[in-house]
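Below is one structure; the comments refer to it alone.
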There are 2 protein chains.
Amino acid sequence: MATNQPAAAEPPTAAQALELLRAQSLATLVQSELERRIIAGEIAAGAKLNEVDVASALGVSRGPVREAFRALSQAGLVSVEKNRGVFVRQVSLAEASEYYEVRAALEGLIGRLAAERITAEEVEQLRAIVRRMHRVQKSRRAEEYFALNVEFHELLGRAARNNALLANYRSVVNQLDLYRRATISRSVGNIPLSTQEHEAIVDAVAVRNKAKAESLLVQHVLVSRERLRASLATATPASSS
Amino acid sequence: MATNQPAAAEPPTAAQALELLRAQSLATLVQSELERRIIAGEIAAGAKLNEVDVASALGVSRGPVREAFRALSQAGLVSVEKNRGVFVRQVSLAEASEYYEVRAALEGLIGRLAAERITAEEVEQLRAIVRRMHRVQKSRRAEEYFALNVEFHELLGRAARNNALLANYRSVVNQLDLYRRATISRSVGNIPLSTQEHEAIVDAVAVRNKAKAESLLVQHVLVSRERLRASLATATPASSS
DNA sequence: AGTCTGCAGATTGTCAACAATCTGCAATCA
DNA sequence: TGATTGCAGATTGTTGACAATCTGCAGACT
């Protein structure tokens, strides 16, 4: 009986798992995994996270799980209510609107700084993403387009050469995703518009037009907010009637 | 025999302490207390936080302390190194410079929104703070002025009517304080200048000039950064020579 | 002398047990 | 019938103990 543990089913990861444990604590691993599942929508917004369930599902004890909960709470992904439990945070439309305002300001700064500091190689990578967007928008695969969109802004964020800004930006975007995941699927209708905006942004950054890059990105975010708002108001006014 | 616990030395807080425990967990309390001490500079930047020391100092076990550490780590106030311990975060000049850039963007948004949404009563409160600043600047008490400055920006932040923005702003300011506390005392020489800037900001917000409020606040932050940089370069180039 | 090996103490990582609180249901009483 | 009280199970809060890792120093070896 060499293995009396539940035993992860995959042999290849077995050896690497120990290597991971050498660098990261279980709490960190649990945090990453939960974060991934929440952002990906595998755990629904508003769902209750039971300590023992999470612990046994991940094969650890409650200690690391509780530590992960505290970090996720500080990150704004879950809310803890004493003696009641932790819940995946629900972001209301009003709150999402607030996050959009913040994101617009951060994205504007990203545009300004990226216009100053981006490299030629990064510009080319951005253009490559936009090209892929063009291809995807014909197939109308919303999920793929969404992933490209994340990649685009992530790359732009790194080009700003400001880690504090990037970390802050990611945090806000995560919380916004919390809202988007809770709502219905993103409307595919305005993908072409969005692609055009991305194209204009790359152009502005490429010629190092700081003011234009900033204003384009601010508008890009604020327009996104309006699109979401509109698709919510018309498509499904709550649930049914 | 009624009280066999270590017993806090203060009778008035004794009854209220239990009431606090009814609403907040020990981990939350520990987190708040550590946060306060770190921001206030009672615990030096770079200092190591020993789990058992903190636990016994606050009269709790290691569990809640570890949970508090996770939250503080996510907030960027401490850094945890596996199997080595947690340390009050050191913010370098380069990192502080990054935070200033972010803060400028957030503060700009605060100005823009506050100009839209501030109430007459809040404007009067701002003016009252500026009046106090005028009085304090004559006595040259840097600590008092610093407190007023925090109060000013905090009030302005609330006037923006955006909780997400306010929380984000506080987080960035906390991390900046981490840097300021690590460096020598703030130079008192430019207090008059700073007070003038505050006055102009209130005026812009009061007449609801969004663009001006935004640009004034952005400049206010960026100038602060330059002042800090300058006082560092001339006053004490490291430690001595 | 200098480097390496191997302990001993201290500190962190993880776990399992205990105490306190909450939630839902059933039995009781007006 | 309706409200209330009291329990039982489940869940969270907290603690203390055990295992693993790190750090510094003393002693041995080249």
Through what angle, rounded to 10 degrees, does the axis of the helix from dA1(C)-dT30(D) to dA30(C)-dT1(D) turn between its ends, using five pairs per end? 0°
Pick out the pairs of N or O atoms, protein on one side and nucleotides 19-22 of chain C on the other, that lie under 3.5 Å.
from: dT21(C); atom 1: O3'; to: Asn83(A); atom 2: ND2; distance (Å): 3.3

Considering only NZ, NE, NH1 and NH2 on the basic side and carboxylate oxygens on the acidic side, decide whether Glu33(A) and Arg36(A) come within less than 4.0 Å. yes
Protein-nucleotide distance (Glu67(B), atom CD; dG13(C), atom P), rounded to Å: 14 Å
Arg103(B) meets the side chain to side chain contact (heavy atoms under 4.5 Å, CB included) criterion, sequence neighbours left out, with Glu107(B), His153(B), Tyr169(B), Val172(B), Val173(B), Leu176(B), Arg180(B), Val221(B)
Looking at Lys48(B), does any N or O in its side chain come under 4.0 Å of the phosphate oxygens OP1/OP2 on dT23(D)? no
Taking atom C1' of dT23(C) as reference, at what distance in whole Å does atom CD of Glu81(A) sit? 14 Å
Contact class for Gly63(A) vs. all strands (heavy atom < 4.0 Å): base, sugar-phosphate, or nothing? nothing
Tell me which pairs pass ring-ring contact (aromatic ring centres under 6.0 Å, His included) where either residue lies in residues 82-112 of chain B, with sequence neighbours left out. none
Where the side chain of Ser61(B) is defined as all heavy atoms beyond and including C-beta, which of dT15(D), dT12(C), dT14(C) is the nearest nucleotide? dT15(D)
Considering just the side-chain nitrogens and oxygens of Arg66(B), establish if one lies under 4.0 Å of OP1 or OP2 belonging to dG13(C). yes
Return the value, rounded to whole Å, for the distance between atom CZ of Phe69(A) and atom P of dT11(D). 13 Å
Pairs flagged by side chain to side chain donor-acceptor pair (under 3.5 Å) wherever residues 53-62 of chain B is involved - sequence neighbours left out: Glu51(B)-Arg62(B)
Starting from C1' on dT12(C), measure out to CZ on Phe87(B) and report it in whole angstrom. 11 Å
Residue list, salt bridge (Lys or Arg N to Asp or Glu O under 4.0 Å) with Glu154(A), at least two apart or on another chain: Arg158(A), Arg170(A)
Can you tell me the distance, in whole Å, between the CG atom of Leu26(A) and the C1' atom of dT14(C)? 7 Å
Expressed in angstrom and rounded to an integer, what is the separation of Gln24(A) atom CD from dT12(C) atom C1'? 16 Å
For Arg117(B), give me all partners under salt bridge (Lys or Arg N to Asp or Glu O under 4.0 Å), at least two apart in sequence or on another chain. Glu101(A)
How would you list, by chain and number, every residue that makes a salt bridge (Lys or Arg N to Asp or Glu O under 4.0 Å) with Glu226(A), sequence neighbours excluded? Arg229(A)
Check side-chain hydrogen bond (donor to acceptor under 3.5 Å, both in side chains) between Arg132(B) and all other residues, then give those that pass, not counting sequence neighbours. Glu151(B)
Ring pair (Phe, Tyr, Trp, His ring centres under 6.0 Å) partners for Phe152(B), two or more places apart: His198(B)
Give the rounded distance in Å between these two atoms: CD of Glu51(B) and P of dT15(D). 14 Å
With Glu144(A), which residues qualify under salt bridge (Lys or Arg N to Asp or Glu O under 4.0 Å), at least two apart? Arg141(A)
Does a side-chain N-to-carboxylate-O contact under 4.0 Å join Arg225(B) and Glu98(B)? no
More than 12 heavy atoms of other residues, nucleotides or ligands under 6.0 Å from CD of Glu121(B): yes or no? no
Of the listed dT11(C), dA17(D), dC15(C), the closest approach to the Arg62(B) side chain comes from dA17(D)
Which pairs, protein N/O on one side and nucleotides 5-8 of chain C N/O on the other, fall under 3.5 Å?
none

